[in-house]
Amino acid sequence: HTQPLSTYLGRNPEFFDKLVPVHRMGELNDWLRDKFGPIPSFDRLKTEGPKIDEADLLPGEVRKLRAMYHEDYQIFGPYMA
C-alpha cells in the first residue's frame, strides 16, 4: 500500500498497546505470545528484491516522500526507527 499509516491506524498511537517497526516484528510475536500463549508467527513473506535505504534516494525523492507521509512522521515517527 502507499496510503499513509494514519489512513489505517488513525491518528492516536496511544490507542495501541504495542507498536513496532517492521524490522522488529519478532518483538511483537514475543509480546503476543507472552500475552496470549501460542500464536502463529508473523514472519516476513516478501524478502526478495533490493533493499532500499534513504541514502539510496535522491534528495528530491526524500523530500517528496517526507511531504507525502508528513503526518505519519509526526504521529508515528518514534515507532518507525
Side-chain angles (χ1 to χ4, degrees):
H1 69 81
T2 57
Q3 294 296 316
L5 290 173
S6 57
T7 301
Y8 303 101
L9 302 179
R11 290 172 172 79
N12 181 7
E14 300 301 318
F15 175 80
F16 300 96
D17 291 329
K18 183 98 173 148
L19 288 171
V20 298
V22 172
H23 70 276
R24 289 178 29 211
M25 286 300 286
E27 182 181 321
L28 180 61
N29 283 334
D30 294 344
W31 183 80
L32 289 169
R33 266 190 218 99
D34 289 347
K35 215 164 170 56
F36 301 109
I39 61 163
S41 95
F42 299 121
D43 297 325
R44 255 182 118 165
L45 300 177
K46 174 111 171 91
T47 58
E48 70 276 351
K51 305 292 184 247
I52 299 173
D53 192 74
E54 184 176 319
D56 298 319
L57 302 173
L58 297 171
E61 294 169 325
V62 172
R63 281 192 301 276
K64 182 176 181 178
L65 288 168
R66 288 198 181 269
M68 187 172 169
Y69 297 107
H70 176 75
E71 185 175 51
D72 282 350
Y73 280 103
Q74 286 185 314
I75 298 169
F76 299 106
Y79 308 98
M80 296 169 117

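FYI, side chains are in, hydrogens and waters are out, and symmetry mates aren't considered; it's all heavy atoms of this structure.
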Worksheet item: Is there side-chain contact between W31 and D17, with at least one heavy-atom pair below 4.5 Å?
Response: yes
Fill in: Residue pair L19 / P13: nearest heavy atoms and the distance that separates them
CD1-CB, 3.8 Å
Discussion item. Quick check: do I75 and L5 have side-chain heavy atoms less than 4.5 Å from each other?
Written reply: no
Worksheet entry | ILVMFWY network linking V22 to L65, side-chain heavy atoms under 4.5 angstrom | no
Discussion item. Which heavy atom of N29 sits nearest to which heavy atom of I39, and what is that distance?
Written reply: O-CD1, 3.9 Å
Discussion item. Contact between R11 and S6 at the side-chain level, heavy atoms closer than 4.5 Å - yes or no?
Written reply: yes
Worksheet entry | L9 vs F76 side-chain heavy atoms within contact, under 4.5 Å | yes
Discussion item. For the OH atom on Y8, are there more than 12 heavy atoms of other groups (residues, nucleotides or ligands in this structure) within a distance under 6.0 Å?
Written reply: yes
Discussion item. Measuring from atom CG of D30 to atom NZ of K35, what distance do you get when rounded to the nearest 0.5 angstrom?
Written reply: 14.5 Å
Worksheet item: Does M80 reach the side chain of D72, with side-chain heavy atoms less than 4.5 Å apart?
Response: yes
Worksheet item: V62 and Y73: same hydrophobic cluster, using ILVMFWY side-chain contacts below 4.5 Å?
Response: yes
Worksheet entry | Heavy-atom pair of closest approach, residues T2 and M68 | O-CE, 3.8 Å
Response to the item:
One should read off an interatomic distance between E27 CD and L32 CG, to the nearest 0.5 angstrom, of 10.5 Å
Discussion item. Measuring only between side-chain heavy atoms, which start at C-beta, is H70 closer than 4.5 Å to R66?
Written reply: no
Practice prompt. Could you tell me which non-hydrogen atom of E61 sits nearest to which non-hydrogen atom of L58, and how far apart they are?
Written response: OE1-N, 2.7 Å
Fill in: ILVMFWY network linking L57 to Y69, side-chain heavy atoms under 4.5 angstrom
yes
Item to complete: Taking the side chain as every heavy atom from C-beta outward, state whether D53 and K51 have any pair of such atoms under 4.5 Å apart.
Response: no
